[in-house]
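Report on the following structure.
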Amino acid sequence: MYKRQHLWRFEQAREWLLEAGELITAREAERRVLILENPGLRGDSRITTSLYAGLQLVLPGEVAPAHRHSQSALRFVLDGGGAHTSVNGERTLMEYGDFVITPPWAWHDHGNDSDQPMIWMDGLDIPVASFFDASFAEGYGEDEHPVSRQTGDSLARYGANMLPVDFEQRELASPIFNYPYARSREALEKMQRQQEWDPCHGLKMRYVNPVDGGFAMPTISPFLQLLPQGFKTAAYRSTDATVFVATEGSGRSTIDGQEFTWGPRDIFVAPSWKWIVHEADDETVLFSYSDRVAQQKLGFWREQRDPA
Ligand code: 1HN
């Protein structure tokens, strides 16, 4: 019986991806992705019971052609810089640690005009769409969907603590589709001076939809947290199985009694309702995502802090 907690080393995954890059182009593959399959959920292309995760490679000069699907996707950039994704006619350049959203049924394509390979983690709600038997996808028929908006327009329009005066919410996902790491990291840096640490989470923030204050995506909850050097969290468990990426720092996490040692860009997963303890050897930043928002909407979500 395989356990549902697991760790993937980024460096190993990067080697495999670059080998795959010699076998097939991004266009041929449509998306060239190394799937992070939970060893406790063999054969299902799932990292948790409800979520999919993969590592996608786009080499210099490549394009991943335009398509859309009913599943939501997030991207979290782990290698390279300066490649772009385009969502509904707006391009965004992606840098390390940027959190990027592809809302349900939004046209999107990726391209890399930089001179380095670009790798990001894909997080999708594919098993949720499958469970509801509501999976749809459509190709655009050309590499790129036409660009109709200025790069940076969404962040300026919706990401400056203002909204257009007559804005009406029509979409479930956040209208900001790139949450740059530089901004989120700076916020954590300023807040940590206050030295207020949650025993279970250190300093943990959630990425929000500025329109309604809810999570940035309808089915996936993304988070960014800082653990100061030497911090050991109190045990915590919740019903949302969670995918973690160490964006900075190193340390270890004990998940259901099993210890995993991680460094920058390593990815690990904790299953539902198993105790988690993180220990940071250096100042650490963890990105994470789970299906919490979906569980909360449906009335299933619960959490527990170490009673000790
Ligand atoms: C997809 O559309 C992307 O758009 C990535 O980059 C991974 C995995 C399964 C199905 C669709 C993308 C995907 C995917």
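Both ligands and their constituent atoms are indexed starting at 1 by order of listing. The chain is numbered in sequence order, starting from 1.
Ring centers of Y236 and H201: under 6.0 Å apart, within the cut-off. Between Y289 and F76, the distance from one ring center to the other does not fall under 6.0 angstrom. A ring-centre distance under 6.0 Å is found for F215 and F223. Centroid-to-centroid, the aromatic rings of Y140 and H145 come within less than 6.0 Å.
The R75 neighbourhood of ligand 1 comprises atoms 3 (C), 4 (O), 5 (C), 6 (O), 12 (C), with distances under 4.0 Å to a heavy atom of that residue. Atoms of ligand 1 found under 4.0 Å from any heavy atom of Y52, numbered from 1 in the order shown, are 8 (C).
The part of H108 lying near ligand 1 is the side chain, judged by heavy-atom distances below 4.0 Å.
Remark: minimum distance from atom 13 (C) of ligand 1 to any protein heavy atom is reached at L124 CD1, 4.0 Å. When only non-hydrogen protein atoms are considered, atom 9 (C) of ligand 1 lies nearest to I126 CD1, 3.3 Å. The protein atom (non-hydrogen) at minimum distance from atom 12 (C) of ligand 1 is R31 NE, 2.9 Å. Protein heavy atom at the shortest distance from atom 1 (C) of ligand 1 is H69 NE2, 3.6 Å.
By the 6.0 Å and 45° rule, R252 does not stack over the aromatic ring of F260.
Using a 30° and 60° split on the angle between ring planes, H110 and H108 fall in the tilted class, from 30° to 60°.
Across the listed options H110, H67, E30, H110 owns the non-hydrogen atom lying nearest to atom 6 (O) of ligand 1. The closest non-hydrogen atom to atom 7 (C) of ligand 1, taken over T102, D122, V58, L55, comes from D122.
Cluster partners of L172: none. The rule joins Ile, Leu, Val, Met, Phe, Trp and Tyr whenever side-chain heavy atoms lie under 4.5 Å apart, and it links nothing here.
With hydrogens and angles ignored, the 3.5 Å screen pairs no side-chain donor or acceptor of T239 with any backbone N or O of W273.
Ligand 1 does not have Q71 within reach: every non-hydrogen atom of the residue lies 4.0 Å or more from it.
Between Q56 and ligand 1, at least one pair of N/O atoms sits closer than 3.5 Å.
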